[in-house]
2 protein chains.
Amino acid sequence: MSDATTLDRAPPRKRDAEATRAAILEAAKGQFARLGYDRAALRDIAAEAGADVSLIKRYFGGKEALFTAALKASFRPGGFKHWDRGAFPREVAELMAGPVPADETSTHSFQFLLRAATSPTTAPLLSLAVQDRFLAPIREWLGGEDAPARARVLAAVFIGFLVERLVRDEPLDGAERAAFIDHAAAILEAAVAPKG
Amino acid sequence: MSDATTLDRAPPRKRDAEATRAAILEAAKGQFARLGYDRAALRDIAAEAGADVSLIKRYFGGKEALFTAALKASFRPGGFKHWDRGAFPREVAELMAGPVPADETSTHSFQFLLRAATSPTTAPLLSLAVQDRFLAPIREWLGGEDAPARARVLAAVFIGFLVERLVRDEPLDGAERAAFIDHAAAILEAAVAPKG
DNA sequence: CAGCTAAGTCAACGCCTATTGACATGCCGC
DNA sequence: GCGGCATGTCAATAGGCGTTGACTTAGCTG
């Protein structure tokens, strides 16, 4: 009856505060991204990390604090840098035409952001993290005159495609898929274009 | 100490099943849109409607059923028809540059959709409603060859701007606002353009 | 006016949650 | 080898939630 999502970890980890803290944070990142703030239970997070609930309080303080910690840890600065400006639109369009990957870690950060953004509980906790770790890198990556406004637009478009993919019930078939990619790429192209 | 969001209704409404049902539905639409599925409490919904919690069970069956009912009631078919194709991009761009209106009823349906879409609990309940009441009207409004794919893209862009506005911490100042509107309008233009 | 039924009320249950404080125990330095 | 402290465990608390069933009452029907 033990949860089979993670294999039973026979060596229950030596007493190591740093390691358990990290394990809790990792589990929190996953569960918050997958379930959202409300439905993620501290008990389950602790269980997945192989730790006790009370350690969450000790190491982080509470649920909100754990959430903000996981939020910060989910965004690595500079993740945008390596994207090629020319290939970006089509690559992202194709990514968004596909299903949500089973290995969710690749899009964890964005789902995390998305879930957090659309919950009234967590939205207030976002503004700083969004500014520093999301909008600022996009701004820098875009460059140019009205980078702030254009970063907002690009972020909006990006998030929009993310939601669309999240809600999509069945995969796009061949013809619709091709058309979707074409149009999405055109939109993204317009979003990263240097000047209107 | 009574909640001041709604004035105390001195006449507590005569015994009228239909009327109370409607009142509950109306309250549910508001609270679900504002708070999302998880944080909306049946007790509060009933209180806002001036009814008892148990009536929700009697008239709707349970929370999920109430939610789907509110979801269906939130989308009026044909709401898109009156939008002029030419003015649409700039109008929407300006709408999205502004703050979330205090009178939220104007964007209730979309917030409702948004909240529902990004919660794993309610996302499965969405597919039909989204197809029938959201994508289909957009498809019809767009017309043309690959209307299905383009409707998806337009819906994604729309939702994206909605989220951006929802998360925005402070209003856009003059310069950034103008640039934002320009770029957003360009994106929306590309989304409704007849052919790529 | 009497009686019945639909409409509304009330109180309680069971479950799950975050949080907390007291307790046990492994590990490290002396 | 031993004491002390950081680490981990356990149980209990308090509150909120959806759900439920029994009770009361208003309003129509005959």
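Order of the sequence lines fixes the chain letters, A, B, ..., with proteins taken first and strands second; residue numbering starts at 1 for each chain.
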Within 6.0 Å of CD in B:Glu94, more than 12 heavy atoms from elsewhere:
yes

Taking the nucleotide of DNA chain D with the closest heavy atom to each, which residue, A:Glu18 or B:Asp52, is nearer the 5' end?
A:Glu18

Can you give one letter per nucleotide of nucleotides 13-19 of chain C, going 5' to 3': B for a protein heavy atom under 4.0 Å from the base, S for sugar-phosphate only, - for none?
----BBB

Kindly indicate whether a cation-pi arrangement holds for A:Lys63 with A:Tyr37, taking the cut-offs as under 6.0 Å to the six-membered ring centre and within 45° of the axis.
yes

Please state how far atom CZ in A:Arg58 lies from atom P in C:dT20, giving the value in whole angstrom units.
13 Å

Please report the end-to-end axis angle for the helix from C:dC1-D:dG30 to C:dC30-D:dG1, five pairs per end, rounded to 10 degrees.
0°

Ionic contact status for A:Asp182 with A:Arg90, cut-off 4.0 Å:
yes

Side chains of B:His108 and B:Phe32: closer than 4.5 Å at any heavy-atom pair?
no

B:Leu55 CG to C:dG8 P: how many Å, rounded?
6 Å

Quick check: does any side chain N or O of B:Arg21 sit under 3.5 Å from a backbone N or O of B:Tyr59, one acting as donor and the other as acceptor?
yes

Does the ring of A:Phe180 carry A:Arg168 above it, NZ/CZ under 6.0 angstrom from centre and within 45° of its axis?
yes

Does the side chain of B:Ser119 reach to within under 4.5 Å of the side chain of A:Arg115, using non-hydrogen atoms?
no

I'd like to know if B:Arg15 reaches the base of D:dT25 with its side chain, counting only an N/O donor and acceptor under 3.5 Å.
yes

Separation of D:dT7 atom P from A:Asp16 atom CG, nearest Å, is 8 Å

Just the rounded figure in Å: distance from P of D:dG16 to CD1 of B:Ile45.
17 Å

Atom-to-atom span, CD1 of B:Ile24 to C1' of C:dA7 - whole angstrom:
11 Å

Here the pair of heavy atoms bringing A:Leu42 nearest to A:Ile56 is O-CD1, 3.7 Å

Using the six-membered ring wherever Trp is involved, compare the ring planes of A:Phe88 and A:Phe158 and label them parallel, tilted or perpendicular (cut-offs 30° and 60°).
parallel

Measure from the side-chain heavy atoms of B:Lys14 and tell me the nearest of D:dT9, D:dA22, D:dG27.
D:dG27

Return the value, rounded to whole Å, for the distance between atom CD of B:Gln31 and atom P of D:dC17.
11 Å

Check the distance between C:dA7's C1' and B:Phe60's CZ and give it to me in whole angstrom.
15 Å

